[in-house]
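Okay, structure first, notes after.
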Amino acid sequence: MSSRSGAAIGIWRARNVRTVGDRGFLIYMVLMVALVTVAPLARAVWLSAASEEGVALFASPAAPGVTMLIVAGLWSGGLLLGRDRGPALHPPFLTHALAASDLPRSDTFRGPVLRAGVLVTTMTTLVAGLVAGSLVHHGLSEPLSGAVFTAAGAMVGVITTVAWLVGQAFPRAAMPVALGVLALGVTTAAIPLMQPFTPWGWVGLAYPGSGTSHIVVALAALTASLAAVVPVLMNRLDLTALAVQSARWDAAAAHTTGMDFNMAAALYQGRPHRGRGTRAIRPRNRLAWTFLIRDAVGSTRTPGRLIVGVAALAASGVLITLAFAPATPGWLLGAAAGLIVFAGIGPLSDGIRHAASVAGDFPLYGISDEHLLANHALFPLAVVVLVLLAAVIVCSILTGIAVAAPLASAFVLGLLTLVARVSNALKGPLPPVLLTPIPTPMGDLSAAVRMTWALDGLLLAALAGASAALAFEVPLLFIGVAVTLITVGINRWRHRG
Amino acid sequence: MIEVDEVGVNAGDVTLLAPISTSVPRGEALIVRGRNGTGKSTLLRVLAGARKPSSGMVRIGGLGVVERDGGFRRRVAAMIGLPPMASDLTVFDHVLLVATTWTDDSTAAAELTRDVLAELGLDALDERFPHELSSGQTQLFGLALVLARPFEVLILDEPEQRLDPEHVESVIRVLRARRDDGATLVVATHSPLLADGVADRTLWLDAVA
């Protein structure tokens with residue numbers, strides 16, 4: 001780092017100097033979190049990885065192929081993430097001050113990129129080390145082979161960071177490249193002949209016990225070459241894009257701190273750029289049809305979000321069907337289905353969120369707030385019911401599971417999760433009363449209450465999924481969840497605005 | 001049309017609007033002026049039913065202010081800050097949807113949409129999405145949304161915000177036309193140009209203690 005950029009960053013850091021007491025408390029907090037949370041969690045993860053089931057999973061013949069898919073997915077994800085939030089980012093003021101200066105960005109943004117790289121590389125190394133350690137521990141791999149795979153994990157981390165930076169430097173090219181990497185990853189996993197010729201294939205070939213660890217030399221060469229182009233990539237970063245990313249990240253962090261996850265997520269929601277020539281408003285005799293068509297056309301204007309939403313709904317239809325298969329943890333699959341339905345409805349419910357914001361503002365539409373909300377609920381309702389039921393029917397036919405029970409469960413799950421979405425849209429800002437401390441012998445529980453409030457939509461959707469899967473065994477649980485969801489929704493509607 | 005009788009607003013010990021009285025006959029424009037913090041927006045929020053007064057009473061068309069009453073919603077339109085906008089609708093779609101919800105005549109709704117957009121100089125931007133508009137264009141778009149609905153009373157808070165003098169002139173023309181058609185206007189503004197161009201009467205608010 002040059003002396004000029006070092007001085008500028010020094011001034012920025014000096015605005016908020018920590019006292020000795022603050023530093024002491026920080027060290028104490030980090031130690032306590034490590035002892036109370038991280039250490040038991042790490043132990044549980046290791047015990048799980050080293051268990052019979054864990055080892056069976058890691059030693060399965062499919063494991064190297066899955067590793068290739070995961071690595072290709074990770075690099076694709078890095079490319080896509082960089083388009084919205086790259087690794088080279090300071091707070092907004094510092095980003096503008098440094099990026100607008102004549103200093104090279106490879107110098108001024110080196111710190112954040114290094115920190116991001118260390119974080120990602122540590123994570124991938126730990127995961128690879130966990131897999132390798134488990135296999136070596138059970139004598140299913142040589143220690144050297146395990147060490148090589150752990151090193152490959154570190155290299156995957158470095159390449160992921162570079163991919164992340166590439167996405168930030170070339171946002172337009174990132175999407176097709178990411179899709180290409182993903183497609184090639186799937187192809188490589190399916191066609192073993194391709195494995196020696198693709199980077200993700202090299203990671204799979206370096207899997208402990210595969211006997212082809214030497215291929216990691218190619219991965220090391222690729223890692224070194226990519227690391228060498230990092231300064232070039234950083235110097236290509238665009239001032240406007242840096243400022244936009246930084247401001248958006250700062251705003252999202254502020255909303256997240258205030259437990260307003262909806263607003264934080266909305267900042268990263270895809271904006272429409274296509275379909276502007278298609279008329280969304282086609283007045284009909286019944287306004288319900290007008291709104292149904294309006295929401296349908298509106299959703300096609302962000303096709304990526306629509307596809308992800310429909311795919312999520314189809315996946316949850318499969319999960320809810322499998323929840324009725326013998327000897328499966330039905331409640332767990334149901335809860336997962338609830339979470340995924342909740343996420344899948346998100347891209348379909350822009351109209352619901354708009355209706356909720358209109359309901360808290362001055363009258364704009366010539367219909368009541370209730371009618372507006374009901375009309376905007378029609379499109380997500382139609383899509384949820386159609387996709388969920390279709391997925392259940394297809395999955396039932398393929399697996400031989402009786403269709404009636406999963407069909408009924410999927411239907412009510414769709415309805416309840418839609419209620420959760422409406423309730424979530426009406427939530428508003430964090431009620432100040434939740435900032436009141438709740439002292440207990442275990443400490444202040446108010447943070448847990450605030451977290452529950454912030455995530456209540458997801459939690460209720462998971463509960464709805466679990467109870468829908470158990471609806472025929474424990475109907476009271478299902479009724480309880482349904483009543484809770486509806487009561488919360490009605491209460492928020494009454495106190496809207 | 002509008003009767004304001006000793007209306008004041010307090011928040012705890014803080015006075016947001018000192019008690020005032022005024023009236024506006026049907027078809028006239030009241031311009032509310034005063035320095036920052038004198039309670040202009042607070043008065044407008046009371047008139048629009050978004051805030052209850054701490055003292056006094058407001059009557060519009062002889063009736064009390066009840067924001068969720070259907071009749072009140074039809075009579076009174078307000079823009080205090082920008083109205084909520086749907087990110088997935090173009091400017092034309094947006095204004096047409098608002099107009100469509102107020103009438104059964106789809107041809108009339110489409111015609112009104114085109115007229116309002118042309119009046120505000122937004123007709124060339126009708127296929128843009130809200131995030132593709134500049135701040136001034138967004139202000140005009142907000143006005144277009146409010147003007148696409150029927151009203152007897154129009155309440156606007158600083159409609160000249162973010163606008164260049166040329167566009168302030170077009171807003172003045174639009175507001176004059178609505179007033180001449182019989183609408184009652186209440187407009188808070190810092191713009192002498194807008195005030196002189198529209199006012200039938202002016203209410204100056206003094207600084208509150």
Side-chain angles (χ1 to χ4, degrees), chain A residues 266 269-291 293-303 305-306 347-372 375-376 379 425 494 496-497, chain B residues 44-45 47-50 67-110 113 125-132 142 145-146 148-151 154-157:
Chain A
Q269 188 177 303
R271 286 171 161 181
H273 291 284
R274 60 184 72 191
R276 68 184 75 236
T278 309
R279 186 60 53 81
I281 310 304
R282 301 170 195 191
R284 293 283 188 276
N285 288 337
R286 294 182 69 88
L287 264 181
W289 277 110
T290 306
F291 276 89
I293 295 167
R294 169 252 177 275
D295 283 336
V297 174
S299 70
T300 61
R301 287 172 170 170
T302 45
R305 293 177 69 225
L306 179 63
L348 309 171
S349 49
D350 288 345
I352 287 177
R353 282 187 288 277
H354 177 64
S357 59
V358 168
D361 208 277
F362 299 106
L364 190 60
Y365 296 98
I367 51 177
S368 68
D369 294 341
E370 289 82 357
H371 272 105
L372 184 67
N375 285 333
H376 273 303
F379 173 67
R494 283 186 176 159
R496 68 189 185 276
Chain B
L44 262 50
R45 296 183 75 80
L47 294 178
E67 195 267 327
R68 285 182 185 166
D69 172 65
F72 180 83
R73 292 165 69 101
R74 178 168 276 276
R75 285 199 308 278
V76 180
M79 188 173 101
I80 303 172
L82 288 169
M85 295 168 185
S87 61
D88 57 349
L89 288 186
T90 62
V91 166
F92 187 87
D93 286 341
H94 232 124
V95 180
L96 179 59
L97 182 60
V98 171
T100 301
T101 59
W102 290 96
T103 174
D104 293 330
D105 184 346
S106 58
T107 313
T113 301
L125 309 173
D126 63 349
E127 286 196 352
R128 287 206 190 171
F129 292 106
H131 69 271
E132 295 170 332
L145 289 174
V146 177
R149 50 151 296 177
F151 51 80
L154 178 62
I155 298 167
L156 300 174
D157 190 12

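In what follows, chains carry the letters A, B, and so on, assigned in the order in which the sequence lines appear, proteins first and then strands, with residues in each chain numbered from 1. Computation of the quantities below employed the complete heavy-atom set of this structure, encompassing side-chain atoms and omitting hydrogens, waters and symmetry-equivalent molecules.
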Chain A contact via [X] - which portion, at a heavy-atom distance below 4.5 Å:
{"X": "B:Ala77", "answer": "neither"}
{"X": "B:Ile155", "answer": "neither"}
{"X": "B:Phe72", "answer": "neither"}
{"X": "B:Asp93", "answer": "both"}

Is any side-chain heavy atom of [Y] closer than 4.5 Å to one of [X]?
{"X": "B:Trp102", "Y": "A:Ile367", "answer": "no"}
{"X": "B:Arg149", "Y": "A:Pro363", "answer": "yes"}
{"X": "B:Thr100", "Y": "A:Leu287", "answer": "yes"}
{"X": "B:Leu97", "Y": "A:Phe291", "answer": "yes"}
{"X": "B:Met85", "Y": "A:His354", "answer": "no"}

TODO: Report the distance from atom CG of B:Asp88 to atom CZ of A:Arg305, rounding to the nearest 0.5 Å.
DONE: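 Those atoms lie 8.0 Å apart.
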Task: Top of B:Val76, B:Leu89, B:Leu145 for chain A proximity - count of heavy-atom pairs under 4.5 angstrom - done: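 With the most close heavy-atom pairs to chain A, the winner is B:Leu89.
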Open item on the list: Below 4.5 Å, heavy-atom pairs only: which of B:Ala86, B:Ala110, B:Pro130 has the largest tally toward chain A?
Closed with: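 Maximum pair count with chain A is reached by B:Ala86.
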- [ ] Kindly give the heavy-atom pair with the smallest separation between A:Phe362 and B:Ala50, and that separation in Å.
- [x]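 Looking at all heavy atoms of both residues, the shortest contact is CE2-CB, 3.5 Å.
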Open item on the list: Restricting to non-hydrogen atoms, name the atom on A:Pro272 and the atom on B:Phe129 that form the minimum distance, rounded to 0.1 Å.
Closed with: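 The pair with the smallest heavy-atom distance is O-CD1, 3.4 Å.
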Open item on the list: Closer than 4.0 angstrom, basic N to acidic O: yes or no for B:Arg73 and A:Asp369?
Closed with: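 The answer is yes: the pair qualifies as a salt bridge.
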Residue part contacting chain B, namely of [X], when any heavy atom lies under 4.5 Å:
{"X": "A:Arg274", "result": "backbone"}
{"X": "A:Leu364", "result": "both"}
{"X": "A:His371", "result": "neither"}
{"X": "A:Arg271", "result": "both"}

Open item on the list: Shorter than 4.5 Å, heavy atoms on both sides: which option in A:Gln269, A:Arg294, A:Arg276 has the most such pairs with chain B?
Closed with: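 Answer, by heavy-atom pair count under 4.5 Å with chain B: A:Arg276.
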TODO: Select, from A:Arg301, A:His273, A:Arg279, the one with the greatest count of heavy-atom pairs under 4.5 Å involving chain B.
DONE: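 Highest number of heavy-atom pairs under 4.5 Å: A:Arg301.
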Task: Heavy-atom donor-acceptor pair, B:Thr101 side chain to A:Gly366 backbone, under 3.5 Å - done: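 Such a contact is found between B:Thr101 side chain and A:Gly366 backbone.
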